[in-house]
Protein chains: 2
Amino acid sequence: MTATIRDVADRAGVSVATASRVLTASRKVSAELAARVNEAARSLGYRHNAVARALRRGTTNTVGMIVPEIGNPFFPAIVEAVERHLQGKGRDLFLCDAQQDIAIERHRVLALLGRQVDGLIIVPVSATASRASLEEAAQRTPVVQVDRYVEEYPADWVGVDDDLGIGLAVEHVASLGATNVVFVSALLESSSARQRHAGFERTMRRLGLPIGSQQLLGDFRAEWGRTAALQILARKPLPHAVVCGNDEIAVGVLGEFRRQQVRVPEDILVTGFDDIRFAALADPPLTTVRQPHEQLAAECIRLLDARMVDGDTPVQRIAIAPSLVVRESTGGHS
Amino acid sequence: MTATIRDVADRAGVSVATASRVLTASRKVSAELAARVNEAARSLGYRHNAVARALRRGTTNTVGMIVPEIGNPFFPAIVEAVERHLQGKGRDLFLCDAQQDIAIERHRVLALLGRQVDGLIIVPVSATASRASLEEAAQRTPVVQVDRYVEEYPADWVGVDDDLGIGLAVEHVASLGATNVVFVSALLESSSARQRHAGFERTMRRLGLPIGSQQLLGDFRAEWGRTAALQILARKPLPHAVVCGNDEIAVGVLGEFRRQQVRVPEDILVTGFDDIRFAALADPPLTTVRQPHEQLAAECIRLLDARMVDGDTPVQRIAIAPSLVVRESTGGHS
DNA sequence: ACACAAGGGGTAAACGTTTACCCAAACAGC
DNA sequence: GCTGTTTGGGTAAACGTTTACCCCTTGTGT
């Protein structure tokens with residue numbers, strides 16, 4: 001089929017060693033031979049076989065990344081930032097989607113590991129059930145977790161301080177006079193869900209606000225936001241504010257409120273989390289907690305590089321403080 | 001580091017051939033030996049090296065996919081559908097982002113080809129400039145294009161009939177009385193942009209409507225929608241309708257109109273294209289042209305499989321007719 | 001003239017699998 | 001008891017690279 005290095009060597013009338021040396025510039029070769037080899041390679045349309053190279057070298061100049069669900073717009077944003085940071089070093093990124101399923105996640109981990117990626121960036125599906133996959137990955141290649149992490153297993157992580165972030169949102173609505181606040185988020189499966197939930201309770205308690213049965217937990221999707229909004233409307237009185245676990249949920253909540261003629265922010269305040277591209281374009285524009293993609297990606301690559309250089313470097317968990325972006329959904333002006 | 005099949009064979013006291021046969025179930029092996037081998041593999045934590053296997057077998061059970069920009073929510077939706085359709089056959093999908101850059105796209109193509117993917121699904125960045133990459137890919141592995149295609153190069157494609165789709169949108173607003181219609185879309189780089197643009201002009205002409213300088217072309221992002229909206233407002237009179245090249249643009253247009261106190265649909269009609277998740281949640285909910293993800297993905301995999309079975313099967317271009325989803329941005333009720 | 005280093009070429013072994021080929025034993029049919 | 005087939009094992013070659021090692025030539029300093 002496609003030409004091998006042996007074909008190139010034959011046509012150039014040199015040994016495969018020389019051909020290889022020319023093509024990878026791994027050693028000095030006389031100008032004349034180099035020209036012959038390059039010409040041969042060009043005329044044959046030679047492309048090196050990365051598989052063979054990987055087998056021999058044991059390294060691939062590729063990093064793998066696994067996200068829980070590519071359809072959640074927060075993840076593509078992170079992926080783009082990571083890509084940009086990988087760009088400089090000429091490394092490739094192979095991305096996989098775990099479809100929110102730990103069995104698929106495991107499959108993807110094994111697929112990437114088997115393909116000898118030089119490192120793995122993972123946003124684990126579950127704070128507990130993803131442990132086996134993570135553990136296996138970590139003992140075979142450098143791994144760093146982003147955004148979400150696996151509990152009780154020491155592996156590098158970089159993310160935003162979810163607890164603090166939700167705190168900012170709660171404090172914000174409280175400062176606007178809200179005392180009856182409901183929290184709409186996802187079931188406590190992922191670390192993000194857990195941390196944000198914990199942050200909500202802690203802050204409410206700190207501010208002396210009642211918690212009661214004010215928590216609706218489903219998943220991180222807009223559809224759940226709609227459902228939750230209906231549940232909120234079903235039981236009177238209307239709370240003062242809805243703090244959402246992420247922007248998708250918040251957008252769903254806003255959509256349903258609009259449909260039900262509930263005015264935001266006049267009748268009720270709404271906040272999100274992540275600051276996805278769409279948050280600023282929602283109606284009303286969404287007050288949210290911004291995740292600094294670029295910084296996250298930068299730290300992530302830094303950690304990965306550090307661990308690639310020295311696998312025994314101490315485990316780090318880097319929590320970056322997020323910031324609140326006030327928009328009209330809590331009365332801010334845009 | 002990690003155990004090889006030789007380690008397993010040694011520990012089980014068999015030859016590597018037998019070990020391989022047990023582990024891949026490629027030939028009958030006595031129950032007793034099989035048990036010994038499996039136990040050895042288990043206790044050593046053996047994982048087959050996919051790189052070595054790929055080199056030997058020349059096949060990887062993996063398909064690669066390249067999208068122009070993972071941040072555009074239409075692509076993740078397609079990716080998810082493709083994943084679902086790949087699921088059954090246990091094949092892995094490695095996804096790459098071309099960052100709207102044909103140089104990066106080329107790099108990704110080569111990376112995937114070099115890794116011996118069994119097939120490639122690509123949404124080419126450019127209708128013309130992606131040709132070299134596509135051509136190279138096509139002569140090395142089965143390739144199918146989705147959504148966008150490269151012009152003047154025969155390769156399988158499956159997508160929606162963009163031309164027809166825009167026609168539906170234009171006819172719809174025309175049926176509501178619009179005669180002054182402006183088209184906001186992307187520069188004519190990708191086939192989608194070209195087809196949709198052509199569809200707009202053709203339909204306008206067919207309906208006897210004036211085209212004039214009613215076309216604003218930028219890129220497929222919301223930010224451009226905002227800018228375009230401002231340009232539209234700058235020159236009076238306000239047109240009757242804005243037909244957008246995709247939903248992201250439309251959402252940007254809606255956002256800016258809202259900010260500028262222009263009422264949709266009362267003052268002006270707006271339509272999008274794609275029916276991304278967010279379209280139904282925009283304010284007002286967006287009338288748009290729906291792309292049938294599942295069908296696209298199903299056809300895509302079907303084409304890929306066909307070509308994997310027989311590389312000489314005739315090239316097919318499958319255009320699926322999209323449908324119009326009427327929502328409030330053109331006065332529909334939700 | 002001689003020792004010695006440097007430059008530039010080739011040979012062949014590795015990387016970890018899978019599999020074509022070979023062979024011994026067991027077994028069936030007569 | 002003999003032949004032919006099936007079953008289940010091993011040996012070693014391949015997949016396409018890279019690179020350790022070796023060797024010959026040439027240049028250089030004395």
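Residue numbering restarts at 1 for every chain, and letters A, B, ... go by the order of the sequence lines. As the structure is a prediction and not an experimental result, all values here were calculated from the model. What you see below is based on every heavy atom in this structure, not just the backbone, and it leaves out hydrogens, waters and symmetry mates.
By the side-chain contact (heavy atoms from CB on, under 4.5 Å) test, Ser126(B) pairs with Ile102(B), Thr128(B), Ala129(B), Ser130(B), Glu189(B), sequence neighbours left out. Legend: residues meeting side chain to side chain donor-acceptor pair (under 3.5 Å) with Arg108(B), ordered by chain and number and at least two apart, are Glu83(A), Asp92(A). Glu299(A) is linked by a salt bridge (Lys or Arg N to Asp or Glu O under 4.0 Å) to Arg302(A), counting only residues two or more places apart in sequence or in another chain. Under the rule for a side chain to side chain donor-acceptor pair (under 3.5 Å), Arg27(B) has no partner lying at least two apart in sequence or in another chain. Scored by the side chain to side chain donor-acceptor pair (under 3.5 Å) test, Arg140(A) finds no partners at all (sequence neighbours excluded). Take Phe75(A) and apply the ring-ring contact (aromatic ring centres under 6.0 Å, His included) test, not counting sequence neighbours, and it matches no residue.
Between the OH atom of Tyr46(A) and the C1' atom of dT17(D) there is a distance of 7 Å, given to the nearest Å. Atom CG in Asn61(A) sits roughly 16 Å away from atom C1' in dT18(D) (whole-Å rounding). Between the CZ atom of Arg53(A) and the C1' atom of dG16(C) there is a distance of 18 Å, rounded to whole Å. Atom CD1 of Ile5(A) is separated from atom C1' of dT19(D) by 12 Å (rounded to the nearest Å). Atom CG of Leu23(B) is separated from atom P of dG9(D) by 14 Å (rounded to the nearest Å). Taking atom CG of residue Leu113(A) and atom C1' of nucleotide dG16(C), one finds them 16 Å apart after rounding to whole Å. Whole-Å rounding puts the Lys28(B) NZ to dG9(D) C1' distance at 13 Å.
Heavy-atom nearest nucleotides on DNA chain D were determined for Arg27(B) and for Ser26(A), and the one closer to the 5' end corresponds to Arg27(B).
Within the nucleic acid shown, Val51(B) has no heavy atom closer than 4.0 Å to any nucleic acid atom.
Phosphate contact (OP1/OP2 of dT18(D), side-chain N/O of Ser20(A), threshold under 4.0 Å): present.
Residue pairs meeting the ring-ring contact (aromatic ring centres under 6.0 Å, His included) criterion with at least one member in residues 83-119 of chain A, sequence neighbours excluded, are Phe94(A)-Phe94(B). A ring-ring contact (aromatic ring centres under 6.0 Å, His included) check over residues 4-37 of chain B, counting only residues at least two apart or in different chains, returns nothing.
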Could you list the donor-acceptor pairs under 3.5 angstrom formed by side chains in residues 12-25 of chain B, with sequence neighbours left out?
unit_1, atom_1, unit_2, atom_2, d
Ser15(B), OG, Ala17(B), N, 3.4
Ser15(B), OG, Thr18(B), N, 3.3
Ser15(B), OG, Thr18(B), OG1, 3.2
Thr24(B), OG1, Ser20(B), O, 2.8
Thr24(B), OG1, Ser26(B), OG, 3.0

For nucleotides 12-15 of chain D, give me every protein contact, N/O to N/O, under 3.5 Å, one pair per line with atom names.
unit_1, atom_1, unit_2, atom_2, d
dA14(D), N3, Arg56(B), NH1, 3.1
dC15(D), O2, Arg56(B), N, 3.4

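Using five terminal pairs a side, the axes of the helix from dA1(C)-dT30(D) to dC30(C)-dG1(D) at its two ends make an angle of 40°, given in steps of 10 degrees.
The base of dG16(D) has none of its N or O atoms less than 3.5 Å from a complementary donor or acceptor on the side chain of Arg47(A).
Contact check of residues 30-44 of chain A against DNA chain C (heavy atom, cut-off under 4.0 Å) returns Ser30(A), Leu33(A).
A salt bridge links Lys89(A) with Asp305(A): at least one charged nitrogen is closer than 4.0 Å to a carboxylate oxygen. In summary, Glu39(A) and Arg42(A) engage in a salt bridge, as defined by a charged side-chain N under 4.0 Å from a carboxylate O.
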